[in-house]
Peer 1: 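Mind having a look at this structure? Questions to follow.
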Protein chains: 2
Amino acid sequence: MKKLRIKDIADGLKISKTAVSFILNGKAEEKRISEELVERVEKYIQEVGYRPSPIARGLRTGKSNIIGLMVESISDPFFATIARLIENEAYKEGYRIIYCSTDNDTEKTKELINVLKDRNVDGYIISPPPGVEKEVNELIKAGMPVVMFDRYLPKVKTDYVVIDNEPSAENATKYLIRQGYSNIGMITFSSSLTQMKGRLKGYKNALKEEGLKPYVLEIDFTPEEKVMVQTIREFLVANPKLDAVLFGAIQAGSCGLKAMTQMKLKVPEDLAVISFDDHDIFELFATPVTAIAQPIEKIAHKVIGLLLDRLDAEGGAAEPREVVLKTKMKIRGSSVVKNSKKYLESK
Amino acid sequence: MKKLRIKDIADGLKISKTAVSFILNGKAEEKRISEELVERVEKYIQEVGYRPSPIARGLRTGKSNIIGLMVESISDPFFATIARLIENEAYKEGYRIIYCSTDNDTEKTKELINVLKDRNVDGYIISPPPGVEKEVNELIKAGMPVVMFDRYLPKVKTDYVVIDNEPSAENATKYLIRQGYSNIGMITFSSSLTQMKGRLKGYKNALKEEGLKPYVLEIDFTPEEKVMVQTIREFLVANPKLDAVLFGAIQAGSCGLKAMTQMKLKVPEDLAVISFDDHDIFELFATPVTAIAQPIEKIAHKVIGLLLDRLDAEGGAAEPREVVLKTKMKIRGSSVVKNSKKYLESK
DNA sequence: CTGAAAGCGCTAACAC
DNA sequence: GTGTTAGCGCTTTCAG
């Protein structure tokens with residue numbers, strides 16, 4: 001059973017290649033092809049199991065029915081979940097996804113954009129590292145739909161979906177203050193990316209309003225977790241007055257909790273904790289961790305929605321749409337009222 | 001700046017298209033093209049930033065430089081991590097990856113195989129659901145390199161990489177017995193897949209050797225976690241004699257621990273726990289969980305190694321290679337000696 | 001080394 | 001509705 005071509009269908013049915021092609025591309029009506037023939041062709045295609053070659057079609061049309069999805073790392077649970085949800089919705093619309101991991105590396109990302117461009121992807125979903133403004137802008141100028149998420153590039157005018165980082169961090173910090181904490185640190189990744197800057201700003205806003213002093217540790221992300229744990233330990237040792245910490249991302253939170261475990265610091269007695277990003281197993285921790293949960297499903301849905309929208313729209317470069325979604329703070333044991341009864345009992 | 005074609009290079013350099021193509025494909029020597037010209041062409045290509053169209057090349061050659069990676073769900077941390085590692089190694093060899101999630105659904109998988117076939121992927125990495133033997137065998141018969149991992153299809157003769165599920169489960173169970181537990185349950189997913197069957201068998205072997213009674217719960221996997229938690233709760237209520245549980249997979253373990261938390265069962269006082277699959281945050285749990293860790297890096301490395309090997313080999317259908325890797329049991333607090341001093345102290 | 005030419009499978013314009 | 005044809009960009013054979 002060898003590969004069928006459009007010619008085989010035409011010959012098998014004793015009609016013209018053209019007709020088959022038109023029917024395949026939904027131009028039957030436009031080209032005044034009889035319904036009867038359309039049905040006959042569709043039935044035959046079913047029977048013999050013909051599937052047009054997307055490669056040949058791609059070469060001819062320049063379209064690929066593929067969406068390029070670039071995230072920091074596909075092994076990150078947040079991105080993996082988003083990828084999965086996007087894949088599902090895209091699939092229903094006949095689009096496939098090619099993912100790739102940027103490692104948040106500018107040069108690698110530029111190269112990956114080229115790879116995707118070569119493959120003629122029809123649209124891009126990018127969680128961009130810094131420094132790729134030029135390349136992304138060129139894509140947009142070339143008429144490519146581009147949607148960013150998680151963070152965005154302020155100098156690039158296109159759709160994006162993010163969460164309200166600043167108010168979320170501000171709320172969480174104020175919440176800690178209301179719970180009685182006054183020496184509140186923030187441990188986050190050093191980054192020029194919008195989401196990290198927003199979180200830091202929100203934290204600082206809250207402290208400034210209350211006249212409290214900020215304690216900030218910005219660590220460089222590295223796959224060497226031990227390095228990050230060690231950095232956090234040193235910070236905690238250097239700042240013994242801290243009674244609460246806000247973590248700017250789940251990886252920071254997880255490293256921080258490890259550092260605290262190693263130092264035998266108790267949560268929340270010695271240090272209250274709130275972390276950005278939620279994970280359901282937070283509930284199983286020695287002290288369940290209060291977390292700022294991102295609306296993952298909604299993010300994925302919005303992202304692919306915006307992209308499909310542009311893909312359909314075809315022509316007009318619509319105004320960039322900026323979607324900001326709300327987070328939800330899941331309050332758990334790691335941030336109970338300072339010196340509360342519950343806190344004292346647990347001693 | 002429009003898209004460059006091979007003709008533009010030839011014209012720009014005032015040489016023939018053919019020569020450029022030969023040089024591009026590393027056939028310069030074979031075709032007796034002077035080194036001087038090769039250098040000139042390479043330099044020019046660099047300068048103008050020409051990149052051959054993989055689509056046109058694919059149409060012509062039938063090769064795509066793409067590897068299809070099919071896993072149960074790309075959002076599963078185990079698969080996401082493997083995917084990431086494979087992506088990295090493949091990238092270095094000039095291969096791109098297209099991932100897709102099968103949901104362990106037979107029909108969906110068949111369709112996805114077709115999609116990948118249409119895209120002319122050069123090789124397949126599959127963590128297969130049951131029931132796709134025929135389709136996979138057809139791929140192999142068509143000369144496609146196929147590597148399976150995590151589980152395999154006994155009726156399909158091709159390379160695979162798995163772990164030693166049976167001995168691992170047997171060891172873990174025997175370990176629990178040595179720790180003084182005698183009513184040991186196993187909670188796992190109902191599945192005809194090799195890895196699950198191996199784990200169950202190992203557990204039963206250990207019990208039989210010691211003349212102990214098995215208590216098995218096989219749950220159907222569902223994305224509705226609450227359903228699984230509830231099922232486990234009912235099982236635990238129905239079997240109050242249990243003093244230890246072996247979980248057959250991390251999702252089962254995580255649901256089980258949630259069920260136990262809800263029921264206020266203490267680990268390991270009321271129930272000792274060992275789970276297949278490790279996660280570094282297990283250390284942060286109220287009681288750190290003893291886990292059977294898979295050598296993820298090694299698995300990924302082997303998988304892509306086997307595939308690249310076949311991709312290079314070109315011709316001969318080498319003998320199927322079956323790689324079985326060892327797991328490592330990470331002993332933590334959830335499986336301490338029954339009634340041990342440590343155990344009693346913690347009361 | 002060159003130049004011409006065929007062909008991968010498909011789309012779509014054109015004349016009928 | 002059909003049949004023809006060009007062409008997407010590339011590889012590769014063949015004769016020179």
Side-chain angles (χ1 to χ4, degrees), chain A residues 2-42 45 48-66 114 117-122, chain B residues 2-42 44-45 48-66 94 114-115 117-122 314:
Chain A
K2 49 191 307 245
K3 202 112 193 180
L4 295 168
R5 295 152 315 152
I6 200 169
K7 187 170 183 308
D8 300 317
I9 304 303
D11 290 354
L13 245 30
K14 301 200 188 308
I15 59 174
S16 81
K17 243 176 67 170
T18 316
V20 180
S21 176
F22 283 150
I23 292 170
L24 241 29
N25 293 290
K27 301 198 175 160
E29 213 172 336
E30 181 186 332
K31 299 295 177 182
R32 320 173 135 274
I33 294 176
S34 74
E35 276 187 38
E36 183 258 335
L37 184 56
V38 173
E39 269 174 41
R40 217 150 57 86
V41 170
E42 278 168 355
I45 285 176
V48 299
Y50 165 72
R51 349 182 75 241
S53 152
I55 310 216
R57 184 178 277 176
L59 181 59
R60 181 63 231 239
T61 62
K63 302 278 169 215
S64 61
N65 277 295
I66 291 181
N114 276 330
K117 228 195 301 185
D118 288 344
R119 297 274 169 198
N120 267 334
V121 303
D122 297 335
Chain B
K2 48 190 309 249
K3 203 116 190 168
L4 294 167
R5 295 151 316 151
I6 200 168
K7 187 171 185 310
D8 299 318
I9 305 304
D11 290 355
L13 245 29
K14 300 200 191 308
I15 59 173
S16 81
K17 242 177 67 169
T18 317
V20 180
S21 176
F22 284 151
I23 292 170
L24 241 28
N25 292 289
K27 301 197 176 162
E29 214 171 336
E30 180 187 332
K31 299 294 177 183
R32 318 172 139 276
I33 294 177
S34 74
E35 275 188 38
E36 184 258 335
L37 183 56
V38 172
E39 268 174 42
R40 216 149 58 86
V41 170
E42 276 168 357
Y44 187 72
I45 283 176
V48 298
Y50 166 71
R51 347 182 76 237
S53 153
I55 309 215
R57 184 177 278 176
L59 181 60
R60 181 62 231 240
T61 62
K63 301 280 169 213
S64 61
N65 277 294
I66 292 182
N114 276 331
V115 171
K117 228 195 300 185
D118 289 345
R119 296 275 168 196
N120 268 334
V121 303
D122 297 336
E314 192 60 51

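In what follows, chains are A, B, ... by sequence order, proteins preceding strands, each numbered from 1.
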Peer 1: In whole Å, what is the span from the CZ atom of F22(B) to the C1' atom of dC10(D)?
Peer 2: 12 Å

Peer 1: Check the distance between dC1(C)'s C1' and L37(B)'s CG and give it to me in whole angstrom.
Peer 2: 8 Å

Peer 1: Scan the side chains in residues 50-60 of chain B for donor-acceptor partners under 3.5 Å anywhere in the protein, sequence neighbours excluded, and list what turns up.
Peer 2:
residue : atom : partner : partner atom : Å
R51(B)  : NH1  : D118(A) : OD2          : 2.3
S53(B)  : OG   : I55(B)  : N            : 3.2
S53(B)  : OG   : A56(B)  : N            : 3.0

Peer 1: Does T61(B) place a side-chain N or O at less than 4.0 Å from the phosphate oxygens OP1/OP2 of dC10(D)?
Peer 2: no

Peer 1: Using atom CD1 of I9(A) as one end and atom P of dT11(C) as the other, report the distance to the nearest whole Å.
Peer 2: 12 Å

Peer 1: Please confirm whether the backbone N or O of R5(B) pairs with a side-chain atom of D8(B), one donor and one acceptor, at under 3.5 Å?
Peer 2: yes

Peer 1: Can you list the steps and then say if I23(B) with I45(B) is a side-chain contact (heavy atoms from CB on, under 4.5 Å)?
Peer 2: CA-CA 11 Å; I23(B) 292 170; I45(B) 283 176; 5.9 Å; no

Peer 1: Mapping K17(A) and T18(B) onto DNA chain D by nearest heavy atom, which one lands closer to the 5' end?
Peer 2: K17(A)

Peer 1: In whole angstrom, give the distance that lies between atom CG of D118(B) and atom P of dG9(C).
Peer 2: 13 Å

Peer 1: Check the distance between dC10(C)'s P and I55(B)'s CD1 and give it to me in whole angstrom.
Peer 2: 15 Å

Peer 1: Let me know, please, whether E35(B) or A56(B) comes out on the 5' side of the other along DNA chain C by nearest nucleotide.
Peer 2: E35(B)

Peer 1: Examine distances only and state if a side-chain atom of N120(B) and a backbone atom of K63(B) form a donor-acceptor pair shorter than 3.5 Å.
Peer 2: no

Peer 1: Would you mind reading off the distance between K27(A) atom NZ and dC10(C) atom P, rounded to a whole angstrom?
Peer 2: 15 Å

Peer 1: Taking for each residue the nucleotide of DNA chain D bearing the nearest heavy atom, is the 5' side occupied by I6(B) or by S16(A)?
Peer 2: S16(A)

Peer 1: Tell me: CD1 of I33(A) to P of dT2(D), nearest whole Å?
Peer 2: 7 Å

Peer 1: Could you give the CG-to-C1' distance, from L59(B) to dC8(C), as a whole number of Å?
Peer 2: 4 Å

Peer 1: If only side-chain N and O atoms of Y50(B) are considered, is one of them under 4.0 Å from the OP1 or OP2 phosphate oxygen of dC10(D)?
Peer 2: yes

Peer 1: Taking the side chain as C-beta and beyond, is there a heavy-atom pair between I66(A) and R119(B) under 4.5 Å?
Peer 2: yes

Peer 1: For dC1(C), does either OP1 or OP2 sit under 4.0 Å from a side-chain N or O belonging to R32(B)?
Peer 2: no

Peer 1: Any side-chain N or O of S21(A) below 4.0 angstrom from OP1/OP2 of dT11(C)?
Peer 2: yes

Peer 1: Give the nucleotide from the list dC10(D), dG9(C), dT2(D) with an atom nearest to the side chain of R5(A).
Peer 2: dG9(C)

